[in-house]
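We count residues from 1, following the sequence as given. Just so it is clear, the model here is predicted, and its values are computed rather than measured.
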Amino acid sequence: MKQYDAIVIGGGPAGLAAAYKLKSAGKNTAVFENDLWGGTCPNRGCDPKKVLLSAVEGRDRIAQFQGKGFSNVPYVNWTELEAFKKTFTDPVSAGSKSGLVSAGIDTYEGSPKFISENELNLGDEIFQANDLIIATGQRPSILNIAGSENLLTSNEFLSLKKMPKSITFIGAGYIAMELANIANATGAEVHLIHHNDRPLKEFDQEYVNEMVEQMKQRGIQFHFNVDTKEVEKADDHYTIKADGFSLNTDLVICATGRIPNVEGMSLDSAGVEIAKRGIKVNQYLQTTNKNIYAVGDVIDKNGPKLTPVAGFEAGYAVDHIIGNDNNPIDYPAIPTLVYGSPKLAKVGVSIPDAEKNKDKYHIVAQDLTGWFTYHRINEPVAKAKIVFDNDDQIVGATILTEQADELINLLTVAIDKKINDEKVNQIIFGYPTVASDLEYLI
């Protein structure tokens, strides 16, 4: 039997953050990983996706300057872009593992199973630890329909060797919207199918509708209120079928959500309970077994499941284990982004919640399209809705603009640090920039 102070199951962003912090605290630590070291984000998630989206941003900028310095708008060369992306992803897994080894953290490859409340089995070996952290993340879900074997996921999309002439995405959440924009920039015929008429339901509907309209103008075709029943393969193409609907396409990507990786660990042997959305945890991120914690995308929660949130939770869990923080976890404001064309972002109190609680909040909506920051790059649309409390302190924001990823971070700081109009006017920003516009927003 191998004994450790702490064992981490999962070698992604949350697992790595936990392992390094445990080791720094003097804990004898081991990490288990059954797939790619480094996890989804840097291997087949947010990082490679952002690399691909950088090309989309470049093309969009040229399109906005058509007739204002540029004559032609080129399509993205997928083969070249994919090769560039691989320069980021190829070194990740080996580098992530070697980093752990160099830090003196033991690494094991495979899927361990619990055989008791503090023991794991992998192959012929048994491992025991005082504290354990589960950080196994999520994976793409697949629709349970006829022909489901013909569906690919975001994992395969991000590694396509060749972009097909036509491609269809089933779903209308973050992933579907982002990948649809990437495919569209290559010149592919892009379809997006959704079972109702409310994509990105977590966001303000007005801005979502505006985003959809901008995507339509780029040539992306939306099919709402279509509940896919079957995907049939014939030769080198596919037919998507629903009641009163049929669509032929060269490739089908299922982007209908993600599910927690909880299977195969025999969690019941450790007394760890599971809910539909993941592992149950309390306000200290402890599972129903107090010596086993769960962090990151694998846990059951309402809040956003994002890489920086996973890292935040990992840091908190370790602090709780070593006794540095005995208070319940307290999340700061968490910004969420849809990297579309334009980008859509929100943080803090949502617009729907503010509208339901008009006694507590008021909303200031502004069209930023004519502001110098956005007009100088000829953005077709730039808008912001800022939520204030009764003390005129910013508590929430929803942004629609190509610059949303930069602006939302500044507004997140303003919310967390309670920066109001008076305080922002005491700061001198570089001008003219997104930051220098803050004085007109808060």
Side-chain angles (χ1 to χ4, degrees), residues 50 52-76 177-178 180-182 184-185 200 203-220 335-348 351 354 362-388 392 394 396-415 419-421 423-442:
K50 191 69 182 289
L52 301 179
L53 283 163
S54 295
V56 179
E57 292 172 338
R59 184 177 188 272
D60 285 350
R61 187 64 59 88
I62 292 174
Q64 288 163 204
F65 276 87
Q66 192 172 21
K68 298 174 177 62
F70 290 90
S71 299
N72 300 312
V73 182
Y75 285 115
V76 171
M177 292 292 206
E178 293 169 348
N181 275 291
I182 293 170
N184 171 257
L200 297 171
F203 285 84
D204 173 61
Q205 186 165 1
E206 178 188 347
Y207 282 8
V208 172
N209 291 343
E210 183 70 61
M211 183 181 184
V212 169
E213 182 57 36
Q214 292 297 317
M215 291 172 68
K216 286 181 178 179
Q217 290 183 21
R218 285 170 167 79
I220 298 173
T336 57
L337 284 142
V338 182
Y339 286 98
S341 297
K343 302 180 182 77
L344 180 62
K346 68 182 179 71
V347 66
I351 301 304
H362 61 278
I363 302 168
V364 176
Q366 298 198 64
D367 189 335
L368 316 180
T369 313
W371 291 22
F372 180 78
T373 299
Y374 309 95
H375 185 52
R376 73 176 181 85
I377 55 176
N378 201 34
E379 278 203 46
V381 59
K383 295 182 178 181
K385 289 184 180 181
I386 311 298
V387 181
F388 297 91
D392 288 328
I394 179 175
T398 296
I399 310 294
L400 181 68
T401 163
E402 286 182 12
Q403 316 305 311
D405 49 348
E406 301 297 333
L407 182 53
I408 203 67
N409 283 333
L410 295 168
L411 295 173
T412 299
V413 173
I415 292 171
I419 298 175
N420 55 21
D421 181 63
K423 291 179 180 178
V424 81
N425 282 319
Q426 295 173 357
I427 304 172
I428 298 177
F429 294 102
Y431 179 87
T433 62
V434 170
S436 64
D437 288 338
L438 281 181
E439 63 177 303
Y440 308 112
L441 288 169
I442 63 175

Would you say Leu52 and Val76 make side-chain contact, with heavy atoms under 4.5 Å? no

Taking it one step at a time, do Leu407 and Leu438 satisfy side-chain contact (heavy atoms from CB on, under 4.5 Å)? CA-CA 9 Å; Leu407 182 53; Leu438 281 181; 4.2 Å; yes

Report yes if some heavy atom in the side chain of Thr433 is under 4.5 Å from a heavy atom in the side chain of Thr373; otherwise report no. no

Closest approach of Pro342 to Met211 (non-hydrogen atoms, all atoms of both residues): O-CE, 3.6 Å

What's the separation between atom CG in Leu411 and atom NZ in Lys346, rounded to the nearest 0.5 Å? 14.0 Å

Nearest heavy-atom approach of Ser341 to Met215 is O-CG, 4.2 Å

Between Lys343 and Glu57, does the side-chain contact (heavy atoms from CB on, under 4.5 Å) criterion hold? Intermediate values first, please. CA-CA 10 Å; Lys343 302 180 182 77; Glu57 292 172 338; 2.8 Å; yes

Over all heavy atoms of both residues, which pair between Phe388 and Ile394 is shortest? Give the atoms and the distance, please. CD2-N, 3.7 Å

Side chains of Lys385 and Leu400 in contact at under 4.5 Å (non-hydrogen atoms): no

Classify the side-chain pair Thr398/Asp204 by whether it contains a donor and acceptor separated by less than 3.5 Å. no

Any donor and acceptor pair, going by atom type alone, linking the side chain of Glu178 with main-chain N or O of Tyr339 inside 3.5 Å? yes

Quick one: CD1 on Ile442 to CD1 on Ile386, what's the gap to the nearest 0.5 Å? 8.5 Å

Are side-chain heavy atoms of Leu441 and Leu410 found at a separation under 4.5 Å? no

Please check if the number of heavy atoms outside His375 that lie under 6.0 Å from its NE2 is greater than 12. no

A side-chain contact here means heavy atoms from C-beta on lying under 4.5 Å apart; do Asp421 and Asp392 qualify? no

Would you say the side chains of Glu379 and Thr401 form a donor-acceptor pair under 3.5 Å? yes

Checking side-chain contact (heavy atoms from CB on, under 4.5 Å) between Arg61 and each of Val56, Asn378, Ile377, which is the one that passes? Ile377

Met177 and Val338: which non-hydrogen atoms are nearest, and at how many Å? CB-CG1, 4.1 Å

Sidechain-backbone polar pair: Arg218 side chain, Gln214 backbone, donor-acceptor under 3.5 Å: yes

Over all heavy atoms of both residues, which pair between Ala354 and Val387 is shortest? Give the atoms and the distance, please. CB-CG1, 3.8 Å

Please work out whether the ring planes of Trp371 and Tyr440 are parallel, tilted or perpendicular, with thresholds of 30° and 60°. perpendicular

How long is the straight-line distance from CD of Glu406 back to CD1 of Ile399, given to the nearest 0.5 Å? 12.5 Å

What do the steps show when you test Thr336 against Phe203 for side-chain contact (heavy atoms from CB on, under 4.5 Å), and what is the final call? CA-CA 10 Å; Thr336 57; Phe203 285 84; 3.8 Å; yes

Under 4.5 Å between any side-chain heavy atoms of Lys50 and Asp405, yes or no? yes

Once you round to the nearest 0.5 Å, how far does CG of Leu368 lie from OH of Tyr374? 5.0 Å

Would you say Phe429 has more than 12 foreign heavy atoms packed within less than 6.0 Å of its CZ? yes

For Ile408 versus Ala397, what's the shortest heavy-atom pair and its separation? CD1-O, 4.1 Å

Pairwise side-chain contact, Val212 with Lys216, heavy-atom cut-off 4.5 Å (strictly under): yes

Working to the nearest 0.5 Å, report the span between CG of Asp437 and OH of Tyr431. 8.0 Å

In Å and rounded to the nearest 0.5 Å, what is the CD to CD distance from Glu439 to Gln426? 12.5 Å

